[in-house]
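As the structure is a computational prediction, the values presented were derived from the model and not from experiment.
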Amino acid sequence: MTGRLEGKVAFVTGVARGQGRSHAVALAAEGADVIGIDLCGPISTVAYPLPNLDDLAETVKLVEGLDRRMIAGQADVRDLGALREVVDRGVAELGRLDIVVANAGIASYTPALDLDEDQWDDMIDINLSGVWRTVKAAVPHVRAHGEGGSVIITSSTSGLRAIPNCAHYAAAKHGLVGFMKVLALELGPERIRVNTVHPTTVNTGMTRNQATVDLFLPGQDDQSDEAFAKVARRLNPLPVPWIEPEDVSDLVVFLASDAAKYITGAAIPVDAAMSIRW
């Protein structure tokens with residue numbers, strides 16, 4: 001622990017597992033208290049299991065194990081009122097808000113013209129509009145203390161390049177870049193920085209599931225981890241099939257810290273060069 005975020009409070013969405021949990025723990029390890037939300041329930045258009053309340057409780061346990069406080073709630077980023085309730089409650093108890101990590105998101109895979117309206121609407125409502133709602137609920141608290149802050153938005157390499165069968169996902173993730181840039185201009189005079197992070201494949205439940213394996217290895221007899229890794233490795237010029245959530249968290253902590261005090265309006269890959277692969 002180096003204490004780069006001592007005295008700060010962070011709000012993280014999608015905190016029950018995966019990148020969200022990793023970000024919460026990494027921020028806490030640097031001294032931040034945490035407010036966190038997760039849906040902790042199924043979504044009909046998502047084919048892989050989503051986190052549950054036990055997962056959320058485990059994140060709280062991990063943060064508190066670092067001697068930091070965490071206020072957690074079950075909330076859907078499609079529900080602005082629910083987001084506000086958790087954020088307001090967390091700020092009332094923890095005293096302030098400095099860092100917003102808009103991380104909650106889903107994935108699904110279908111060719112663009114085969115998507116149905118529910119798939120499209122869920123993706124845009126969660127992965128794009130859910131970030132707007134997160135910012136709308138949280139940033140007024142960052143503004144309130146007048147000391148600036150950091151908003152960090154999880155996009156994807158699909159926010160920088162095209163990947164087949166992910167048109168709705170790419171639309172949402174590209175949209176986040178435009179939203180980030182406007183927000184950086186609007187909040188810059190208040191010293192609130194806004195950036196997007198763009199991971200390649202990350203070793204989480206969102207990617208390590210049968211739906212993703214079927215996308216990478218359609219109809220193949222060998223769908224083992226080794227076969228999946230071999231195909232996934234082709235996406236990245238650096239010779240790795242995927243990165244770990246902690247690799248993204250390192251960037252999130254940096255962007256939340258004063259070491260990044262002049263970085264805003266940037267779309268930053270942490271992607272083993274996937275976004276520039278031809």
Exercise for the section: Go through the structure and list residues passing salt bridge (Lys or Arg N to Asp or Glu O under 4.0 Å) with R78, not counting sequence neighbours. Expected result: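 Salt bridge (Lys or Arg N to Asp or Glu O under 4.0 Å) list for R78, sorted by chain: D76, D122.
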Handout entry: Partner set under salt bridge (Lys or Arg N to Asp or Glu O under 4.0 Å) for D121, not counting sequence neighbours
Key =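 Testing D121 for salt bridge (Lys or Arg N to Asp or Glu O under 4.0 Å), a comparison that skips the adjacent residues, returns none.
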Practice task
Kindly compute the distance separating NE2 (H198) from CD1 (I153), expressed to the nearest 0.5 Å.
Solution key: 9.0 Å
Exercise for the section: Can you run down the salt bridge (Lys or Arg N to Asp or Glu O under 4.0 Å) pairs that involve residues 163-186, sequence neighbours left out, and say none if there aren't any? Expected result: none
Practice task
Not counting sequence neighbours, list each pair that qualifies as a salt bridge (Lys or Arg N to Asp or Glu O under 4.0 Å) and has a residue in residues 241-268.
Solution key: none
Qualifying side-chain hydrogen bond (donor to acceptor under 3.5 Å, both in side chains) pairs, either residue in [range], two or more places apart:
range            : value
residues 97-114  : R96-D98, D98-H145, N103-T154, S108-H168, Y109-T212, T110-Q119
residues 8-20    : none
residues 216-228 : R208-D225, Q210-Q223, D214-Q223, D222-S224, S224-E226

Exercise for the section: Could you list who else is in V240's hydrophobic cluster, with ILVMFWY side chains joined at under 4.5 Å, directly or through other members? Expected result: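 ILVMFWY cluster around V240 holds nothing else.
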Exercise for the section: Share the residues that join L185 in a hydrophobic cluster, the rule being Ile, Leu, Val, Met, Phe, Trp or Tyr side chains under 4.5 Å apart at the heavy-atom level. Expected result: none
For residues 80-94, which side-chain donor-acceptor pairs fall under 3.5 Å, sequence neighbours excluded?
residue : atom : partner : partner atom : Å
E85     : OE2  : R89     : NE           : 3.1
D88     : OD1  : H141    : NE2          : 2.7

Enumerate donor-acceptor pairs with a distance under 3.5 Å from any side-chain N or O in residues 263-277 to protein atoms, sequence neighbours excluded.
residue : atom : partner : partner atom : Å
T264    : OG1  : V194    : N            : 2.9
T264    : OG1  : V194    : O            : 3.4
D271    : OD1  : A273    : N            : 2.9
D271    : OD2  : S275    : N            : 2.8
D271    : OD2  : S275    : OG           : 2.6
R277    : NE   : R234    : O            : 3.0
R277    : NH1  : R234    : O            : 3.2
R277    : NH2  : R234    : O            : 3.4

Practice task
Could you tell me whether R191 and E147 make a salt bridge, using a distance below 4.0 angstrom between a side-chain N and a carboxylate O?
Solution key: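 Not counted as a salt bridge, because no side-chain N and carboxylate O are separated by less than 4.0 Å.
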Exercise for the section: Report yes or no: do H23 and S249 form a side-chain donor-acceptor pair below 3.5 Å? Expected result: yes
Problem - Sequence neighbours excluded - ring-ring contact (aromatic ring centres under 6.0 Å, His included) pairs with any residue from residues 207-235 - result: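 Output for this query lists F216-F228, F228-W242.
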